[in-house]
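Note sheet for the following structure.
Every chain is numbered from 1 and lettered A, B, ... according to where its sequence line falls, protein lines coming before strand lines.
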2 protein chains.
Amino acid sequence: MVRITGKRISESTINRLSIYYRILESLEREGYQTVSSKDLAQREKLTPAQVRKDLSFFGQFGTRGLGYPVSELRRQIAEILGINKRWNVALVGIGNVGSALVSYKEFAKQGFQIKLIFDNDQRKIGSFHKGIEVHDVKNLKSLLNKNNIEIVILAVPASVAQLIIDEVVSAGVSAILSFAPANLRVPSNVTLRSVNMAMELEHLSFHLTNENLYYTA
Amino acid sequence: MVRITGKRISESTINRLSIYYRILESLEREGYQTVSSKDLAQREKLTPAQVRKDLSFFGQFGTRGLGYPVSELRRQIAEILGINKRWNVALVGIGNVGSALVSYKEFAKQGFQIKLIFDNDQRKIGSFHKGIEVHDVKNLKSLLNKNNIEIVILAVPASVAQLIIDEVVSAGVSAILSFAPANLRVPSNVTLRSVNMAMELEHLSFHLTNENLYYTA
DNA sequence: CTAACTATGTGAAGCCATTCACAAAACAGT
DNA sequence: ACTGTTTTGTGAATGGCTTCACATAGTTAG
């Protein structure tokens, strides 16, 4: 899908970069100086070739005969993933899921800073969550622009998700993370990631339901 | 990966079954009797061939020249996904994320019933959430067995996630949904789905960071 | 400095999911 | 009943991701 200097980078490769990043964080804490593609692969259930191929899309980071420099590679992956900078995030919908997300420490740790919260419930508008004021969703577009919001997190009911997405897109935001249990559409220049917990559970129940049939050759 | 009567079913096919299911729910509400693979595909951005191939793994549900019967197909997919029955679910970790999950109505709607909650915080143990008592995680294994828990949802810090997974697995549970931002391991007979919100955001920041380079041929 | 070893980087091969294309089957109108 | 149209179901072709395999290059020990 994605190309960088002429090469196509698959979504799975990006996923694995996130995984490598976490492993490298651990290795750094554990005091390792270098790590081989073999060791890196063993920590997950991947092949060494996969690790090398993934990294090769972005440059040459290793030393033959020695492996990859742990700290340096971690830094490089952070740069590739864009998590070495700060991102301005807005959250739409401060119900159960939204509240949990505001308190989710992992976000801030990685540079994702929630700057604005929106809701359409008059009782919530004006209240504060973790020091952030809840704004009326009517002012969504103008406030997104004024605050240079780059990423929007959606924690709203499925029924209104598409409406809000359209507005967010028209405000020029091109990265959206949705928690609505709905199938949503965005233009091709916008990246939408969708976490659908119901779908995850359906995967599990599928496997539970069909586990005795997996190998019915 | 998965085989049913000799055919390999990919994870993506299962994902799409969930999607078809939601579309069919809508179509049913809208009063449609039948739907063609073409119409079904158009609602998502899929090809008609994809829809037909996905369904063909599980049987023949359509009528040539006419299409698929909406209600009947929805019912059939529900059966394939195993969401026509009730599942006993336990939740481990009743922090921010855990609390949101307990209140998440979509779960119950699909037959996923949270029967037990666990935590290791003495202040939380004995309290109630939506009518469900919080138990000491020390009693995890015995209570999972006693209550015939089939699915476990993990909303615990990354640092303890693997420990709890190991215990859950040893209790005989073979379906786990984790919200811990960690890379986790399970035996091959256990299905683990992992929702890692930090990874989702990293995807977004990758795309934001590299969007000007996508087509640098 | 040399020899033996280790591990990267990458073209080629293999494999798996998606798409194509068409025969088969049912519908609809006459 | 017949003809033309619609749409499924599926083997074959395609395309893309993963794995293989090896040349290359750097390390380590003597």
Side-chain angles (χ1 to χ4, degrees), chain A residues 1-17 19-20 23-24 27 32-70 72-73 76-77 80 203 214-215 217, chain B residues 1-20 24 27 32-70 72-73 76-77 80 203 214-215 217:
Chain A
M1 286 308 221
V2 174
R3 284 157 185 257
I4 293 202
T5 60
K7 285 169 192 148
R8 289 168 192 74
I9 314 293
S10 75
E11 297 289 309
S12 345
T13 293
I14 305 170
N15 258 322
R16 285 190 297 268
L17 287 182
I19 293 173
Y20 303 149
I23 299 174
L24 289 164
L27 291 171
Y32 286 92
Q33 297 283 315
T34 58
V35 63
S36 67
S37 59
K38 195 168 147 225
D39 294 344
L40 216 36
Q42 251 159 6
R43 295 235 170 181
E44 285 305 298
K45 264 195 173 161
L46 303 167
T47 63
Q50 179 91 80
V51 173
R52 294 199 298 276
K53 181 69 86 178
D54 283 338
L55 295 174
S56 78
F57 289 121
F58 300 96
Q60 306 193 165
F61 305 106
T63 305
R64 292 173 192 221
L66 190 62
Y68 298 93
V70 172
E72 173 61 11
L73 183 60
Q76 296 262 20
I77 293 180
I80 294 164
H203 251 276
Y214 291 0
Y215 301 106
Chain B
M1 286 311 222
V2 174
R3 283 157 185 258
I4 293 202
T5 59
K7 286 169 191 149
R8 289 168 194 75
I9 314 294
S10 75
E11 296 290 309
S12 345
T13 293
I14 305 170
N15 259 321
R16 283 190 298 269
L17 286 182
S18 291
I19 294 174
Y20 303 148
L24 290 164
L27 290 170
Y32 285 91
Q33 298 284 314
T34 59
V35 64
S36 67
S37 59
K38 196 168 148 226
D39 294 344
L40 215 36
Q42 251 160 5
R43 295 237 171 177
E44 286 303 299
K45 263 195 173 160
L46 302 168
T47 63
Q50 178 90 80
V51 173
R52 293 199 299 276
K53 181 70 86 177
D54 282 338
L55 296 174
S56 77
F57 289 122
F58 301 95
Q60 306 193 166
F61 305 105
T63 306
R64 296 174 190 219
L66 190 62
Y68 299 92
V70 171
E72 172 62 10
L73 183 59
Q76 295 263 19
I77 293 181
I80 294 164
H203 251 278
Y214 289 1
Y215 300 106

A quick test of your reading: do over 12 heavy atoms of other residues, nucleotides or ligands sit less than 6.0 Å from CD of E72(A)?
yes
Roughly how many Å is it from CG in D54(A) to C1' in dG9(C), rounded to a whole number?
13 Å
Please check the phosphate of dT8(D) (OP1 and OP2 only) for any side-chain N or O of S37(B) closer than 4.0 Å.
yes
If you compare all heavy atoms of L27(B) against all heavy atoms of L40(B), which two are closest, and at what distance to 0.1 Å?
CD1-CD1, 4.2 Å
Would you tabulate the nitrogen or oxygen pairs shorter than 3.5 Å linking the protein to nucleotides 23-30 of chain D?
residue: dT24(D); atom: O2; partner: R64(A); partner atom: NH1; Å: 2.4

K53(A) NZ to dG16(D) P, straight-line distance once rounded to whole Å:
15 Å
Short side-chain to backbone donor-acceptor contact, T63(B) and L66(B), under 3.5 Å
no
For a 4.5 angstrom cut-off between non-hydrogen side-chain atoms, does F58(A) reach L17(A)?
yes
Would one find a side-chain N or O of Q60(B) under 4.0 angstrom from OP1 or OP2 of dT10(D)?
yes
Hey, is OH on Y32(B) packed in by over 12 heavy atoms from elsewhere, all under 6.0 Å?
no
If you check every side-chain atom of Q50(A), which of dT18(C), dT19(D), dT19(C) has the closest atom?
dT19(D)
Is a side-chain N or O of T47(B) found less than 3.5 angstrom from the main chain of Q50(B), in a donor-acceptor match?
yes
Which atom pair, heavy atoms only, marks the closest approach of F61(B) to L55(B)?
CE1-O, 3.4 Å
Figure out the CD/P separation between E11(A) and dG16(D), and round it to whole Å.
14 Å
Who pairs with E44(A) by salt bridge (Lys or Arg N to Asp or Glu O under 4.0 Å), at least two apart in sequence or on another chain?
none
Residues from residues 39-48 of chain A lying under 4.0 Å of DNA chain C - heavy atoms:
none
Can you measure F58(B) atom CZ to dT10(D) atom P for me and round it to whole angstrom units?
14 Å
From the list dT8(C), dT7(D), dT18(C), which nucleotide is the closest neighbour of the side chain of S36(B)?
dT7(D)
Using side-chain heavy atoms (C-beta onward) and a distance below 4.5 Å, is Q33(A) in contact with V70(A)?
no
Check this one for me: any side-chain N or O of Y68(A) less than 4.0 Å away from OP1 or OP2 of dG9(C)?
yes
Nearest 0.5 Å, please: how far is OG in S10(A) from CZ in F57(A)?
6.5 Å
Kindly say if R52(A) contacts the phosphate of dT18(D), meaning a side-chain N or O under 4.0 Å from OP1 or OP2.
no
Rounded to whole angstroms, how far apart are CZ on F57(B) and P on dG11(D)?
11 Å
Atom CZ of R8(B) and atom C1' of dA17(C) are separated, to the nearest Å, by 12 Å
How many Å lie between OH on Y20(A) and P on dT8(C), as a whole number?
12 Å
Taking any heavy-atom pair under 4.0 Å as a contact, classify K38(A): base, sugar-phosphate, or nothing.
nothing
On the nucleotide dG9(D), are OP1 or OP2 found under 4.0 Å from the side-chain N or O atoms that S56(B) carries?
no
Please state how far atom CD in E72(A) lies from atom P in dT8(C), giving the value in whole angstrom units.
16 Å
